[in-house]
There are 2 protein chains.
Amino acid sequence: MRKDIHTDGIPVLCVSCEARHRGVCGALEPEQLVSLAKSSHKQKAQSGTELLGDAERIDTYANVLSGVVKLTKTLSDGRQQIVGLQFAPDFLGRPFKTESDLNAEAATDVSLCAFPKAAVERMMQASPELERRLYRQALDELDEARDWMVTLGRKTAAEKIASFLLMIARNIDPTADPDRDSAAFDLPLTRADIADFLGLTIETVSRQLTRLRADKVISIENNRHIVVPSLSRLEARAGN
Amino acid sequence: MRKDIHTDGIPVLCVSCEARHRGVCGALEPEQLVSLAKSSHKQKAQSGTELLGDAERIDTYANVLSGVVKLTKTLSDGRQQIVGLQFAPDFLGRPFKTESDLNAEAATDVSLCAFPKAAVERMMQASPELERRLYRQALDELDEARDWMVTLGRKTAAEKIASFLLMIARNIDPTADPDRDSAAFDLPLTRADIADFLGLTIETVSRQLTRLRADKVISIENNRHIVVPSLSRLEARAGN
DNA sequence: GGGCCGCGTTGACCTCGATCAAACGGCATG
DNA sequence: CATGCCGTTTGATCGAGGTCAACGCGGCCC
């Protein structure tokens, strides 16, 4: 499934795009890939780095190769809301707009494959297949955003936490068997980030996590590592 | 601005698409329009009609010609959340998926211009310009969804109501001067719908509306007609 | 007319999650 | 080793918004 295409030793679009029908590889002919590759550069950013500021000009697109990127919006008085999480191999960018209205920040250490905006847009003109791929991702992100609207608007704190853990379990390791009933993973977000994602406070997040632990639905090691013995038992608490 | 193209007397894609860079007209050559027109049919639905059920097969797309369509998601215990509102001239449909995971319902009396899914998808293959138009709308809807996530997750009930009224004022009449400071309109939603949109209860919606009225920020006639003497004063309460 | 229904408002009360405050553990630094 | 910082947990209290209940108003049907 993995398509590591190399040009002059540079790995290009080098993620398993097929996993969730995302990313841009697979949409291009080899010679197009090589052409795009020459304008790309690999990029590392450690946790907390701002990748794109609000009201900043967008001049690059990027493929997330590893790690998690959080998209946030902030009200004038500082209240913050995470409006999206991008996992590998998601594509980071906003076509048809030159200015961003949100912040992109590395939630964990992140590696990216960045392209000049112009190169991607030229390639999009040339390859309807690429444009379609990006269109699909936009629609998938829209579906996800709408699912989260339900969580934000109508679920209790306990249900929000359960839903969040399920979402992470599903996204953090796209190669895992989708039919498995147990999972173990490191949380890519701090309690503060989780709170900003779910529209809660850190205290409530902490309390609900300890409650899930007390009820033996999860176990927690080192504050970050989560073990879920039964995903279905967790799902029963997500309120869907 | 208005492009009413008629074929055999049938008005086709007959809305002013340019208004908000939405809809599909303007993206097609006249002969393509005519071809699509032949497969289309105008459709009226009165308030409350379900246009598309959850888990139903999607076999038509439609352009909203007038009225408002609400997109909802429902949890198993009946809690409901509105995840999108479609105004004229928005396009209603979900490419690349055969099954819906949400409900579409006429919030007001609605008129639609419906197309068979297959016809639109054939046209999309033929016209990259049309696909791009739809891609743009998907990105716009994604931006809107993310804005609402902030509202749902981080704003108070009072701020939610103010934000909602502003959104309606901006969308209900796309021809209005964007720089005006006053507005008057009929609410396209019942109190229950507004509650489902904002993640509140009808009682809270009612209380916050009467509070805005008491503070002379709005006036209300017949429960539905809203007059906003100063949009900027309303905006000051939206908490952005 | 009277009764009913759908929609909206208002009041009294309660609960969930926010707020305020304190303390803990890990880790880096002097 | 003490010190401080950061992320997290836990406890005590408060309040915004939910819940429950009553009532008002207009339209519709008998």
Side-chain angles (χ1 to χ4, degrees), chain A residues 46-48 70 75 77-81 105 107-108 151-165 186-215 218-226 237 239, chain B residues 46-49 70 75 77-81 105 107-109 151-165 186-215 218-226 237 239:
Chain A
Q46 60 182 358
S47 173
K70 56 178 179 175
L75 299 177
D77 63 359
R79 280 175 291 175
Q80 206 172 35
Q81 176 69 43
E105 191 180 315
T108 63
T151 302
L152 286 171
R154 288 302 183 198
K155 290 192 185 173
T156 64
E159 290 168 338
K160 286 180 179 182
I161 293 289
S163 304
F164 169 75
L165 291 176
D186 279 336
L187 284 179
L189 302 183
T190 66
R191 302 290 188 271
D193 283 338
I194 299 174
D196 282 348
F197 191 63
L198 298 174
L200 299 171
T201 58
I202 46 175
E203 293 93 332
T204 304
V205 170
S206 177
R207 277 187 252 270
Q208 295 300 335
L209 282 173
T210 59
R211 198 164 181 284
L212 280 180
R213 191 183 42 193
D215 295 355
I218 60 172
S219 64
I220 308 179
E221 294 158 26
N222 306 330
N223 281 343
R224 283 297 191 111
H225 192 73
I226 305 280
R237 304 212 170 200
Chain B
Q46 61 182 356
S47 173
T49 311
K70 57 178 178 173
L75 299 177
D77 62 0
R79 282 175 289 175
Q80 208 172 34
Q81 175 69 43
E105 192 179 314
T108 64
D109 290 352
T151 302
L152 286 171
R154 289 301 185 199
K155 290 192 185 173
T156 64
E159 291 169 338
K160 286 180 179 182
I161 294 289
S163 306
F164 169 76
L165 291 176
D186 280 335
L187 283 179
L189 301 183
T190 65
R191 301 292 188 269
D193 283 338
I194 300 174
D196 282 347
F197 191 63
L198 298 173
L200 299 171
T201 58
I202 46 176
E203 293 93 334
T204 304
V205 170
S206 177
R207 277 187 253 268
Q208 295 300 335
L209 282 173
T210 59
R211 197 164 181 283
L212 280 180
R213 191 182 44 194
D215 294 354
I218 60 172
S219 66
I220 309 179
E221 293 158 26
N222 305 330
N223 281 342
R224 283 297 190 111
H225 191 74
I226 304 281
R237 303 211 172 204

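A, B, ... follow the sequence lines: proteins, then strands. Residue 1 opens every chain.
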Roughly, in whole Å, what's the span from [atom1] in [X] to [atom2] in [N]?
X	N	atom1	atom2	value
A:Leu212	D:dT9	CG	C1'	15 Å
B:Asn222	D:dG27	CG	C1'	14 Å
B:Ile202	D:dC23	CD1	P	17 Å
B:Arg224	D:dG27	CZ	P	14 Å
B:Asp196	C:dG8	CG	P	12 Å
B:Ile220	C:dT9	CD1	P	6 Å
B:Asp77	D:dG18	CG	C1'	15 Å
B:Glu221	D:dG26	CD	C1'	17 Å

For this session: Could you pull out the closest heavy-atom pair between A:Leu209 and A:Ile161, with the gap in Å?
Result: CD2-CG2, 3.8 Å
Exercise. Hey, is the main chain of A:Ala107 close enough, under 3.5 Å, to the side chain of A:Lys70 for a donor-acceptor pair?
Worked result: no
Seminar exercise, completed: Between its two end axes (five pairs each) the helix from C:dG1-D:dC30 to C:dG30-D:dC1 turns, nearest 10 degrees, through 20°
Problem set entry | Sole residue of B:Ile220, B:Leu165, B:Asp193, B:Asn223 in side-chain contact (heavy atoms from CB on, under 4.5 Å) with B:Leu187 | B:Leu165
Problem set entry | Any A:Arg191 side-chain N or O less than 4.0 Å from OP1/OP2 of D:dT8 | yes
Seminar exercise, completed: Hits for side chain to side chain contact (heavy atoms under 4.5 Å, CB included) against B:Asn222, two or more places apart or cross-chain, chain-then-number order -> none
Problem set entry | B:Asp215: partners by side chain to side chain contact (heavy atoms under 4.5 Å, CB included), with sequence neighbours left out | B:Arg211, B:Val217, B:Arg237
Problem set entry | Which nucleotide in C:dT10, C:dG8, D:dT10 has an atom nearest any side-chain atom of B:Thr210 | C:dT10
Exercise. Are B:Asp196 and B:Arg79 within salt-bridge range, i.e. N to O under 4.0 Å?
Worked result: no
Hey, can you pull the donor-acceptor pairs under 3.5 Å for the side chains in residues 200-207 of chain B, sequence neighbours left out?
from	atom 1	to	atom 2	distance (Å)
B:Thr201	OG1	B:Thr204	N	3.4
B:Thr201	OG1	B:Thr204	OG1	3.0

Exercise. Are any non-hydrogen side-chain atoms of A:Leu152 and A:Gln81 less than 4.5 angstrom apart?
Worked result: yes
For this session: Assign a letter to each nucleotide of nucleotides 13-26 of chain C from its 5' end: B, base within under 4.0 Å of a protein heavy atom; S, sugar-phosphate only; -, no contact.
Result: ----SSBB------
Seminar exercise, completed: Across all chains, not counting sequence neighbours, the ring-ring contact (aromatic ring centres under 6.0 Å, His included) partners of A:Phe164 are A:Phe197
